[in-house]
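Working notes, structure below.
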Amino acid sequence: MLAPSAVLNIISRNISTSTPVNHIIKLTRLRVVDNSEIGKLAMMEGKPPRCIHVYNKYGIGFIGDRILVAIRGEKKKGILVGLKQKQAPKVPKFDSNNLVLIDDNGTPLGTRIQVPIPHILRTKMKEKTHTKGADYTKLIAIASRFV
């Protein structure tokens with residue numbers, strides 16, 4: 001016969017009392033949506049990249065923000081192209097947190113983005129290209145579909 005505390009422990013093991021967080025903060029799991037080798041291998045292994053740092057003053061990632069991720073034991077940079085969190089009007093909300101991996105100067109590691117990306121990303125990337133010195137126009141060029 002099990003003690004009452006052991007029964008309660010077994011019953012409550014699958015219940016989560018914390019609310020789900022849809023924001024991109026540290027240790028958030030992301031989905032790589034380009035066809036880069038490191039991204040494909042990580043997603044096939046079932047070990048998606050995790051956010052280490054968000055490069056903005058709020059610490060919460062929004063569409064078009066650069067982030068630093070840990071993927072397969074390496075540190076890589078990426079651009080957020082789709083988020084679960086509540087969006088501004090006319091910006092689509094996605095089912096998963098999508099990421100495109102880039103190198104230090106803004107060039108994408110893959111050659112194709114496999115999911116539709118928001119149309120507002122075009123204007124945001126053009127603004128960031130001129131101010132930050134990195135070239136994000138290549139990221140827009142490899143996207144085949146916009147929403």
Side-chain angles (χ1 to χ4, degrees), residues 8-147:
L8 181 63
N9 189 17
I10 292 170
I11 293 171
S12 66
R13 195 174 298 170
N14 296 327
I15 298 172
S16 175
T17 57
S18 61
T19 59
V21 176
N22 290 332
H23 300 291
I24 302 297
I25 55 174
K26 289 184 181 179
L27 297 180
T28 302
R29 281 185 241 135
L30 303 153
R31 186 178 117 189
V32 179
V33 295
D34 61 358
N35 63 349
S36 59
E37 283 299 316
I38 191 168
K40 284 194 289 187
L41 289 173
M43 295 308 289
M44 284 185 353
E45 287 177 353
K47 295 182 179 179
R50 288 185 176 250
C51 177
I52 296 175
H53 182 72
V54 179
Y55 292 107
N56 65 16
K57 61 183 177 182
Y58 306 112
I60 297 173
F62 300 105
I63 284 187
D65 281 345
R66 279 187 329 133
I67 63 170
L68 184 67
V69 295
I71 180 167
R72 291 181 52 91
E74 299 178 28
K75 288 194 257 184
K76 297 284 183 185
K77 291 183 181 171
I79 301 277
L80 295 172
V81 294
L83 302 178
K84 283 183 180 180
Q85 68 193 26
K86 186 175 178 184
Q87 299 295 325
K90 298 186 180 180
V91 177
K93 180 179 173 182
F94 288 81
D95 291 339
S96 60
N97 295 318
N98 298 336
L99 167 80
V100 174
L101 295 173
I102 60 171
D103 58 6
D104 289 333
N105 59 358
T107 305
L109 295 181
T111 58
R112 181 75 50 210
I113 296 177
Q114 297 157 340
V115 298
I117 62 172
H119 197 273
I120 193 143
L121 202 60
R122 283 183 169 176
T123 56
K124 286 190 177 188
M125 290 291 107
K126 285 180 183 175
E127 291 169 5
K128 291 183 180 187
T129 295
H130 297 298
T131 58
K132 299 294 183 186
D135 187 20
Y136 295 124
T137 54
K138 294 177 186 173
L139 182 109
I140 297 167
I142 66 170
S144 57
R145 295 173 293 189
F146 290 91
V147 179

Worksheet item: Is there any salt bridge (Lys or Arg N to Asp or Glu O under 4.0 Å) pair reaching into residues 26-38, and which pairs are they, with sequence neighbours excluded?
Response: Glu37-Lys40
Discussion item. With side chain to side chain contact (heavy atoms under 4.5 Å, CB included) as the criterion, how do Ile71 and Val32 come out once you've worked through the C-alpha distance, each side chain's angles and the decisive distance to 0.1 Å?
Written reply: CA-CA 10 Å; Ile71 180 167; Val32 179; 4.2 Å; yes
Worksheet entry | Any side-chain heavy-atom pair of Leu80 and Arg66 under 4.5 Å | no
Worksheet item: Side chains of Val91 and Ile63: does their closest heavy-atom pair fall under 4.5 Å?
Response: yes
Worksheet item: In Å, rounded to the nearest 0.5 Å, how long is the span from CD1 of Ile52 to NZ of Lys76?
Response: 12.0 Å
Practice prompt. Could you note down all residue pairs passing side-chain hydrogen bond (donor to acceptor under 3.5 Å, both in side chains) where residues 44-61 supplies at least one of them, sequence neighbours left out?
Written response: Glu45-Arg72, Asn56-Asp65
Worksheet entry | Pairwise side-chain contact, Asn35 with Ile113, heavy-atom cut-off 4.5 Å (strictly under) | no
Discussion item. Within the 4.5 Å heavy-atom criterion, are Thr107 and Ile102 side-chain neighbours or not?
Written reply: no
Worksheet item: Is there a side-chain contact between Lys75 and Leu68, using heavy atoms and a 4.5 Å cut-off?
Response: yes
Worksheet item: Does any non-hydrogen side-chain atom of Phe146 lie less than 4.5 Å from one of Ile140?
Response: yes
Worksheet entry | Validation row: Leu109, Asp103 side chains within 4.5 angstrom (heavy atoms) | yes
Worksheet item: So, Asp104 and Lys77, do they make that salt bridge, N to O below 4.0 Å?
Response: yes
Worksheet item: If you take all heavy atoms of Leu99 and Pro49, which pair is closest and at what distance?
Response: CD2-CG, 4.1 Å
Worksheet item: Between NZ of Lys93 and CG of Leu83, what distance do you get to the nearest 0.5 Å?
Response: 11.0 Å
Worksheet item: Does any non-hydrogen side-chain atom of Leu139 lie less than 4.5 Å from one of Thr137?
Response: no
Practice prompt. Please name the pair of heavy atoms, one in Cys51 and one in Val69, separated by the smallest distance, quoted to 0.1 Å.
Written response: CA-CG1, 4.2 Å
Discussion item. Minimum heavy-atom separation for Pro48 and Leu30, please, with both atom names.
Written reply: CB-O, 3.2 Å
Worksheet item: With sequence neighbours left out, what residues match Val147 under side-chain contact (heavy atoms from CB on, under 4.5 Å)?
Response: Pro92, Pro116
Practice prompt. Check the side chains of Thr28 and Asn97 for a donor-acceptor pair under 3.5 angstrom, ignoring hydrogens and angles.
Written response: no
Item to complete: Check Gly61 against Gln85 and note the closest heavy-atom contact, atom names and distance.
Response: O-NE2, 3.3 Å
Fill in: Intermediate values then yes/no, side chain to side chain contact (heavy atoms under 4.5 Å, CB included), Val33 and Val81
CA-CA 9 Å; Val33 295; Val81 294; 3.9 Å; yes
Worksheet item: So, for Leu101 and Ser36, which heavy atoms are closest and what is the spacing to 0.1 Å?
Response: CD1-OG, 3.6 Å
